[in-house]
Asks: 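Here it is: the structure, laid out below.
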Amino acid sequence: MSRWQELTGGTSGEEYAARFDALRRSGKDVHGEAAFCAALVPPGARVLDAGCGTGRVMIRLAELGYDCTGIDLDASMLNVARERAPHLPCFQVDLAAFDPAALGIAPDFDLVVAAGNVLPLLAPGTEATVVERLAAAIRPGGLLVAGFGLDAAHLPVPPTITLPEYDAYCAAAGLTLVDRFATWDAAPYDGGGYAVSVHRTLD
């Protein structure tokens with residue numbers, strides 16, 4: 001069982017969506033992840049939203065002209081995504097078992113994004129496998145973008161993965177670190193408790 005399932009029971013889709021809806025109504029920008037990704041690849045690029053949840057990131061990217069696919073294990077989150085964007089393909093799948101061919105999805109995504117603390121909330125011991133699975137779905141020269149908390153102040157669970165560990169998983173999967181930021185607004189990373197990492201596959 002993933003840490004996310006242990007934390008939420010797999011029933012938090014509506015509540016999660018409502019929280020971001022309230023932030024949006026209050027004037028907060030809830031599309032930082034999508035804007036970040038849009039600055040990396042041009043419209044029309046194929047994007048995989050890994051751990052897509054309620055679809056907030058992929059729906060915005062689709063609005064900006066990207067070819068988006070979402071995958072997530074939490075049915076309650078996917079139900080919201082499918083209701084809000086029935087035209088976007090969403091698949092219920094464990095990221096550690098993700099196989100595009102088995103789902104009838106073409107591989108070779110231009111960019112894979114894992115936002116919302118996806119990596120720290122995986123099932124314990126599956127982190128390296130998930131990175132390997134995601135890397136295998138990226139075209140040569142494509143990008144993996146992941147943002148997640150590194151300390152208790154930025155996570156709903158105790159810290160589970162360090163940046164050196166994550167970089168090692170990426171290196172083992174054939175990915176090279178391109179850049180790292182402290183926020184989705186691309187603030188320079190200064191060793192704080194949250195990081196957005198950009199890795200690239202070999203050409």
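Computation of the quantities below employed the complete heavy-atom set of this structure, encompassing side-chain atoms and omitting hydrogens, waters and symmetry-equivalent molecules.
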Asks: With rounding to the nearest 0.5 Å, note down the distance linking CZ in R84 to CG in N79.
Replies: 12.0 Å
Asks: Among residues two or more places apart or on two chains, list those pairs meeting ring pair (Phe, Tyr, Trp, His ring centres under 6.0 Å) that have a residue in residues 68-115.
Replies: none
Asks: Mind checking whether T69 and V47 have side chains closer than 4.5 Å, heavy atoms only?
Replies: no
Asks: Which residues satisfy the side-chain contact (heavy atoms from CB on, under 4.5 Å) test with D185, sequence neighbours excluded?
Replies: T183
Asks: To check you understand the geometry: which heavy-atom pair defines the closest contact between L119 and A114, and what is its length?
Replies: CD2-CB, 4.0 Å
Asks: Hey, could you give me each pair passing salt bridge (charged side-chain N to carboxylate O under 4.0 Å, His left out) that has a residue in residues 116-126? Not counting sequence neighbours.
Replies: none
Asks: Is D67 reaching over with its side chain to a backbone N or O of G44, donor-acceptor style, under 3.5 angstrom?
Replies: no
Asks: Sort and list the pairs that fulfil salt bridge (charged side-chain N to carboxylate O under 4.0 Å, His left out) and have at least one residue in residues 140-155, not counting sequence neighbours.
Replies: none
Asks: Sub-3.5 Å donor-acceptor pair from the side chain of Y189 to the main-chain atoms of G192, do we have one?
Replies: yes
Asks: Does any part of the side chain of Y166, heavy atoms only, come nearer than 4.5 Å to the side chain of H199, both counted from C-beta?
Replies: yes
Asks: Could you see if V57 belongs to whatever hydrophobic cluster contains V41? Use Ile, Leu, Val, Met, Phe, Trp, Tyr and a side-chain cutoff under 4.5 Å.
Replies: yes
Asks: What pairs meet the ring pair (Phe, Tyr, Trp, His ring centres under 6.0 Å) rule with one or both residues in residues 39-77, with sequence neighbours excluded?
Replies: none
Asks: Would you say L177 and V112 are hydrophobically clustered, going by side-chain heavy atoms of ILVMFWY under 4.5 Å?
Replies: no
Asks: Please walk me through it: do E33 and R60 pass salt bridge (charged side-chain N to carboxylate O under 4.0 Å, His left out)?
Replies: CA-CA 9 Å; E33 301 98 328; R60 178 56 179 162; over 6 Å; no
Asks: Do other residues, nucleotides or ligands put more than 12 heavy atoms under 6.0 Å from E132 CD?
Replies: no
Asks: Assign the ring pair W184 / F36 to parallel, tilted or perpendicular, where the plane angle (0 to 90°) is split at 30° and 60°.
Replies: perpendicular
Asks: Would you check if C68 and L61 make a side-chain contact, meaning some heavy-atom pair closer than 4.5 Å?
Replies: yes
Asks: Is the closest side-chain heavy-atom distance between P156 and L121 below 4.5 Å?
Replies: yes
Asks: Rounded to the nearest 0.5 Å, how far does NE2 of H31 lie from CD of E63?
Replies: 6.5 Å
Asks: Do L48 and V113 make a side-chain contact, defined as non-hydrogen atoms from C-beta onward lying under 4.5 Å apart?
Replies: no
Asks: Partners of D179 by side-chain contact (heavy atoms from CB on, under 4.5 Å), sequence neighbours excluded?
Replies: F181
Asks: Show, in sequence, the C-alpha distance, side-chain angles and deciding distance for D72 and T54, and conclude whether the side chain to side chain contact (heavy atoms under 4.5 Å, CB included) test is met.
Replies: CA-CA 9 Å; D72 202 289; T54 60; over 6 Å; no
Asks: Look at the side chain of R46 and the backbone N and O of A106, then say whether any donor-acceptor pair between them is shorter than 3.5 Å.
Replies: yes
Asks: For residues V131 and V198: do they belong to one hydrophobic cluster (side chain heavy atoms under 4.5 Å, members Ile, Leu, Val, Met, Phe, Trp, Tyr)?
Replies: no
Asks: Under the side-chain contact (heavy atoms from CB on, under 4.5 Å) test, which residues partner L155, sequence neighbours left out?
Replies: N117, P120, P159
Asks: Working note: R200 + L175, criterion side chain to side chain contact (heavy atoms under 4.5 Å, CB included); need CA distance, chi angles, decisive distance, verdict.
Replies: CA-CA 5 Å; R200 185 184 302 278; L175 298 163; over 6 Å; no
Asks: Which donor-acceptor pairs under 3.5 Å do side chains of residues 137-150 form with protein atoms, sequence neighbours excluded?
Replies:
unit_1, atom_1, unit_2, atom_2, d
R139, NE, D110, OD1, 2.6

Asks: Heavy-atom distance under 4.5 Å between the side chains of L78 and C52, does that happen here?
Replies: yes
Asks: Test: salt bridge (charged side-chain N to carboxylate O under 4.0 Å, His left out). Region: residues 158-174. Which pairs qualify, not counting sequence neighbours?
Replies: D167-R180
Asks: So, for A50 and L134, which heavy atoms are closest and what is the spacing to 0.1 Å?
Replies: CB-CD2, 3.8 Å
Asks: Are the side chains of L111 and L40 in touch, meaning some heavy atoms are under 4.5 Å apart?
Replies: yes
Asks: Please list, chain by chain and in numerical order, all residues satisfying salt bridge (charged side-chain N to carboxylate O under 4.0 Å, His left out) with E127, sequence neighbours excluded.
Replies: R3
Asks: Which residues pass the side-chain contact (heavy atoms from CB on, under 4.5 Å) test with A96, sequence neighbours left out?
Replies: D94, T126, T129, V130
Asks: Would you please name every residue forming a salt bridge (charged side-chain N to carboxylate O under 4.0 Å, His left out) with E83, sequence neighbours left out?
Replies: none
Asks: Identify the heavy atoms of A81 and C90 that sit nearest to each other, and give their distance.
Replies: CB-SG, 4.2 Å
Asks: Run the numbers on L122 and S2 for side chain to side chain contact (heavy atoms under 4.5 Å, CB included), then give the verdict.
Replies: CA-CA 5 Å; L122 295 171; S2 73; 5.6 Å; no
Asks: How about L73 and L95: do any of their side-chain heavy atoms sit closer than 4.5 Å?
Replies: no
Asks: Might you work through the side chain to side chain contact (heavy atoms under 4.5 Å, CB included) test for L163 and S197, ending with a clear yes or no?
Replies: CA-CA 9 Å; L163 287 179; S197 304; 4.1 Å; yes
